Structure formats: structure tokens, C-alpha cells
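Here the structure comes first, spelled out in C-alpha cells, and everything after it is commentary.
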Amino acid sequence: MVDQKAIEAAKEKFGILLEKQLNRVEKLKEEGAPVDYSKLDKLIVGVCGGDGIGPYICASAQKVMEFLLEDKLKAGKAEIRIIDGLTIERRVEVMKAIPDDTLEELKKCHVILKGPTTTPAKGDPWPNIESANVAMRKELDLFANVRPVSVPELGIDWTFYRENTEGSYALGSDGFFVTDDLAMDFCVATLQGTERIIRAGFENAKNTGKNYVSIIVKANIIKTTDGLFVDLADKIAKDYPEVKHDVWFVDITTAKLIDPARRSAFKVFVLPNLYGDIITDEAAQIQGGVGTAGSANIGTKYAMFEAIHGSAPRMVTEGRAQYADPCSMIKAVAMMMDHIGEAEKAKKLNMALDVCCQFEKKLVMTGRDTGATGDEFAEYIMETIQRPDLEQVWQGYIDAAIAANKN
Ligand code: IPM
Ligand code: MG
């Protein structure tokens with residue numbers, strides 16, 4: 001016997017979800033122009049350590065950021081605000097993904113540097129509150145999750161444009177059991193949300209001269225929401241005649257990223273949220289691990305920069321949090337510099353990261369007392385940025401790596 005009462009109850013719940021999503025669409029339609037950072041009297045940078053190793057690696061990254069922004073900070077053209085309150089204890093205390101007062105503080109900033117935050121999963125001791133990351137992306141409408149991955153000696157120069165507010169994440173905490181036997185989750189794609197992420201990918205491909213976008217879906221199975229990505233990409237491509245685009249299924253993409261014969265051909269990827277989450281971890285691993293990858297979460301009004309990895313609470317309980325590798329957070333600082341119009345600073349920091357982490361390795365991080373602390377490594381990076389011959393040194397390493405790879 002079908003449980004009609006359960007169906008009615010589920011319809012009601014579903015109705016509420018639909019109403020919320022349709023209200024969101026209305027807001028998307030009113031979206032304004034992006035912030036022009038060059039026009040701000042003062043740039044307000046929020047620093048939000050998060051929890052686990054977050055506060056440690058974030059503090060090291062903050063030092064690098066302060067070093068790069070020294071002139072602006074001294075001239076009163078930039079201000080750094082420390083925003084506490086995103087620890088798992090605090091979030092559990094108020095039973096909110098982001099406590100109200102913390103969200104209010106975040107909304108007073110233009111850009112945010114954020115350490116990892118613990119996301120309760122099934123089976124954890126914490127109650128099942130929504131991820132602070134996901135909540136921040138939604139609350140601040142940070143729709144584009146931009147994740148670059150580059151391995152020059154392998155010819156890899158990828159930029160991922162992961163849709164960041166919709167897909168399987170939009171209602172990730174709103175699925176439910178219709179009956180004891182039937183569990184349902186939902187996947188959401190709006191016309192506006194899909195269009196803006198595809199456009200962001202095409203814009204990047206055009207502006208960088210890469211002129212190639214790959215749309216990653218599973219539209220043979222997830223026909224409606226992934227199908228929208230495919231249809232809109234075809235339509236938007238007409239506005240970018242110089243940009244070639246193609247469509248790949250996500251399963252074969254996981255294989256092609258490790259195919260030496262194909263992978264260097266990829267340039268810019270546009271992906272729905274969940275595929276973007278998965279594929280960017282794989283891509284980061286090809287670059288040297290998730291600890292090497294930064295992540296920019298870009299909206300029209302706000303932008304947040306973070307590591308792509310989690311809060312590693314075990315490193316804290318084992319007393320070795322000060323040895324956690326801050327490079328992913330420092331990479332996030334480089335992305336922030338680019339975003340606020342400090343391209344030269346971003347370039348130098350990226351070169352210093354390559355030199356220190358991949359090539360010269362005067363200090364190494366092991367995650368334990370056998371290696372450098374995060375602060376020591378940040379110092380090493382700042383010293384490297386100041387080397388007058390940085391660009392030549394970096395180019396030398398790159399050329400040597402390319403040559404070695406050819407042999
Ligand atoms: C990421 C992370 C997050 C996500 C988690 C921590 C919620 O994996 O930024 O990729 O799934 O988006
Ligand atoms: Mg992830």
C-alpha cells in the first residue's frame with residue numbers, strides 16, 4: 001500500500017523548497033554590477049581563521065598578505081579585520097552554519113581570507129549543521145569557485161570554474177526521507193545561475209587568450225540540470241566566436257586528466273558544483289596535492305579566498321598544527337591579489353610559491369617537527385618574493401623542469 005499521507009507531507013516540504021528557490025531566482029534577476037576595487041576609498045579585508053589547523057595556516061597566510069599590502073595598509077587604503085566565530089564549537093553552540101553576528105561582520109568586508117572549517121558529516125560527534133563554507137558561498141552569493149592548477153613542465157595550465165551555489169549543494173541539507181524506505185535529495189540548476197558561471201568561464205578563456213572551454217557534465221543521465229549546462233553553453237558560445245568549446249562527461253574527465261596524451265590540451269573547465277568539487281581535488285593532486293591549491297569564491301559583491309582542503313582536526317589533537325602547510329592559503333592570497341587588481345604582486349607571490357614549494361625547497365614541510373613550521377615557511381616565501389632575481393630564478397627552474405621532462 002502506498003502511503004498517501006507520506007506523499008502529501010513530502011509534497012508540502014517540496015513546495016517550501018520550491019518557493020525558496022524561486023525567490024532566489026528573483027534575487028538573481030536583480031543582481032548588480034561587480035565591485036570595482038579601483039574605486040574603493042578603503043579595501044576591507046576580513047580574516048576568518050576557521051577551526052582545526054585553520055587559524056594556524058590562516059595566520060601564516062595573513063603575514064604574507066600584510067607584507068604585500070603594506071603600502072595600502074600604511075596609507076589607510078586597506079584595513080584588515082579579524083573575524084572570529086567560525087569555530088565548530090561556536091557554530092554548534094548557536095546551531096547555525098554561520099553565527100548571525102559573524103555573518104554581519106563578514107558582510108561589512110569586501111574580500112575575505114578564510115581558513116578551513118570543520119564540516120560535520122554523518123557519524124561525527126557534532127550535530128548535522130550545514131557546512132560553513134557552503135553557507136558562506138550561499139549567503140554572500142559567491143557563485144564562481146575558481147581553482148587554477150598548473151604544472152608547467154607537463155604543459156598543464158587549467159582553470160576550473162565550478163558553479164558554487166547550486167547543483168547538488170543547493171539543497172544538500174534539505175533532502176528528506178519520504179517514508180522510512182525512501183530517501184530523496186535534490187539537484188538544482190537555474191537559468192541565471194548556470195548562465196553566469198558559463199559566462200565567467202568563457203570570459204576567462206577569452207581574456208587569457210586560452211580560447212578553449214570544456215563543459216563537464218553527466219548529461220546522458222542527469223538530463224535536466226546538466227542538460228541546461230550543455231544547452232546554455234551552446235547558446236553563450238555564440239557571443240564568443242574566438243572561444244572553442246566542447247562537452248565532456250565527468251567520468252571520462254577523471255581519466256583524461258591523467259592521460260598524458262590529452263590532458264595538456266584542456267584549458268578552462270566549467271562544471272556543476274559537485275563535479276567541480278570532485279574534479280578539482282583530482283586536479284590539485286596532479287599539481288602536488290590539495291595542500292598546494294588555492295580557491296577563489298567570487299560573487300558580484302563579495303569574494304572569499306580559501307584553501308581547497310579541510311581543517312585536519314587530527315593535526316591539532318596530535319599537537320602538530322603549527323607544522324600544517326599554509327601554502328594553499330598563501331596561494332589563496334595570490335588569488336586575492338589578482339582579484340583586487342594587484343596583478344604584479346600576485347605574479348611575484350605565485351613565482352615565490354613555485355620556487356619555494358617545488359624547486360628550491362630550502363625548507364620543507366612534513367606536517368611534523370621533522371620539517372618547518374607554517375610561519376617559518378611563510379617567512380621563506382616573503383624572503384623569496386624580495387629577491388631581485390626572482391623572475392630569472394623562477395624561469396630557470398621552469399625551463400630546466402621542461403627540459404628534464406622531455407628526456
Ligand atoms: C571544497 C570542500 C567543501 C565543498 C566542503 C568542505 C564543504 O570540499 O571547498 O571543495 O564540498 O565544497
Ligand atoms: Mg572539495
Side-chain angles (χ1 to χ4, degrees), residues 31 33-34 37 142-152 154-167 189 191-219 226-250 252-254 256-257 259 261-280 282-284 286-287 293-300 303 305 308 331-332 334-341 343 346-347 350:
E31 197 176 42
Y37 292 93
L142 307 172
F143 68 88
N145 188 188
V146 186
R147 297 182 160 180
V149 164
S150 100
V151 190
L154 299 179
I156 291 175
D157 183 11
W158 299 328
T159 310
F160 295 87
Y161 278 80
R162 166 190 177 192
E163 201 294 317
N164 215 18
T165 52
E166 304 194 340
L191 183 74
Q192 293 72 14
T194 310
E195 173 153 4
R196 63 184 180 175
I197 191 68
I198 296 175
R199 277 201 188 277
F202 272 85
E203 278 292 313
N204 177 274
K206 178 178 154 188
N207 296 337
T208 55
K210 287 180 173 177
N211 287 338
Y212 175 31
V213 174
S214 300
I215 307 286
I216 309 301
V217 286
K218 186 75 185 172
D226 282 8
L228 184 60
F229 269 78
V230 177
D231 290 347
L232 282 180
D234 285 343
K235 188 173 146 229
I236 290 164
K238 299 202 167 67
D239 296 339
Y240 298 86
E242 63 278 72
V243 179
K244 171 179 103 162
H245 91 284
D246 55 13
V247 175
W248 290 78
F249 292 150
V250 63
I252 192 64
T253 305
T254 63
K256 289 296 163 194
L257 290 191
D259 174 1
R262 182 63 182 72
R263 62 182 172 189
S264 58
F266 288 118
K267 296 293 171 211
V268 179
F269 297 84
V270 176
L271 321 86
N273 210 336
L274 184 59
Y275 310 147
D277 179 45
I278 297 166
I279 291 283
T280 54
E282 185 194 2
I286 294 166
Q287 177 180 258
S295 171
N297 298 264
I298 313 284
T300 44
F305 302 83
I308 81 163
K331 187 93 194 160
M335 297 188 80
M336 181 194 285
M337 291 303 128
D338 246 330
H339 186 70
I340 61 173
K347 186 176 152 194
N350 278 322

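Heavy-atom basis, side chains included; hydrogens, waters and symmetry copies ignored. From a predicted model like this one, the values you see are computed outputs, not experimental measurements.
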If every non-hydrogen atom of [X] is compared with every non-hydrogen atom of [Y], which pair is closest and at what distance?
X	Y	answer
Ser295	Asn145	OG-ND2, 2.8 Å
Gly167	Asn273	CA-CB, 4.4 Å
Met335	Pro148	CE-CD, 3.3 Å
Ile308	Gly294	CG2-O, 3.7 Å
Ala303	Ile298	CB-CD1, 4.1 Å
Asp246	Ser214	OD1-OG, 3.0 Å

**Request:** Could I get the full list of side-chain contact (heavy atoms from CB on, under 4.5 Å) partners for Lys256, not counting sequence neighbours?
**Result:**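 Partners of Lys256 by the side-chain contact (heavy atoms from CB on, under 4.5 Å) criterion, ordered by chain and then number, come out as Trp248, Ile252, Asp259, Arg262, Phe266.
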**Request:** For Ala205, check side-chain contact (heavy atoms from CB on, under 4.5 Å) against everything at least two apart and list the hits.
**Result:**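 For Ala205 the side-chain contact (heavy atoms from CB on, under 4.5 Å) partners, ignoring immediate neighbours, are Val213, Val243, Val268.
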Please name all residues satisfying salt bridge (Lys or Arg N to Asp or Glu O under 4.0 Å) with [X], sequence neighbours left out, ordered by chain then number.
X	result
Lys347	Glu391
Lys267	none
Arg263	none
Asp277	Arg162

**Item:** Donor-acceptor contact below 3.5 Å, side chain Gln287 vs main chain Val151
**Value:**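 No; judged by distance alone, with no hydrogens or angles, the pair does not exist.
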Heavy-atom side-chain contact between [X] and [Y] under 4.5 Å:
X	Y	value
Glu31	Gln192	no
Ile279	Phe269	no
Tyr161	Ile215	no
Lys218	Pro272	no

[X] side, atom [atom1]; [Y] side, atom [atom2] - distance, nearest 0.5 Å:
X	Y	atom1	atom2	result
Phe202	Tyr212	CZ	OH	11.0 Å
Tyr275	Phe249	OH	CZ	10.0 Å
Ile278	Thr253	CD1	OG1	11.5 Å
Ser264	Leu154	OG	CG	8.5 Å
Glu195	Phe143	CD	CZ	11.0 Å
Ile197	Leu271	CD1	CG	8.5 Å

**Asked** salt bridge (Lys or Arg N to Asp or Glu O under 4.0 Å): which pairs involve residues 201-215, sequence neighbours left out?
**Response**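 For residues 201-215, and leaving out neighbouring residues, the salt bridge (Lys or Arg N to Asp or Glu O under 4.0 Å) pairs sorted by first residue read Asp157-Lys210.
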Using a 3.5 Å cut-off and no angle test, enumerate the donor-acceptor pairs between side-chain atoms of residues 231-239 and protein atoms at least two apart in sequence or in another chain.
| unit_1 | atom_1 | unit_2 | atom_2 | d |
| --- | --- | --- | --- | --- |
| Asp234 | OD1 | His245 | NE2 | 3.1 |
| Asp239 | OD2 | Arg199 | NH1 | 3.1 |
| Asp239 | OD2 | Arg199 | NH2 | 3.0 |

Holding to side-chain hydrogen bond (donor to acceptor under 3.5 Å, both in side chains), I want the full list of residues that pass it with [X], two or more places apart in sequence or in another chain.
X	answer
Glu163	Thr165
Asn297	Arg137, Asn164, Glu306
Asn350	Lys331

**Message:** I'd like to know whether Val149 forms a side chain to side chain contact (heavy atoms under 4.5 Å, CB included) with Arg147, so could you lay out the CA-CA distance, the side-chain angles of the two residues, the decisive distance to 0.1 Å, and finally the verdict.
**Reply:** CA-CA 7 Å; Val149 164; Arg147 297 182 160 180; 5.7 Å; no
**Request:** Applying side chain to side chain contact (heavy atoms under 4.5 Å, CB included), run through Phe305 and Val146 and close with a yes or a no.
**Result:** CA-CA 10 Å; Phe305 302 83; Val146 186; over 6 Å; no
**Asked** ring pair (Phe, Tyr, Trp, His ring centres under 6.0 Å) with Tyr37: which residues, sequence neighbours excluded?
**Response**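 By the ring pair (Phe, Tyr, Trp, His ring centres under 6.0 Å) rule, Tyr37 matches His339.
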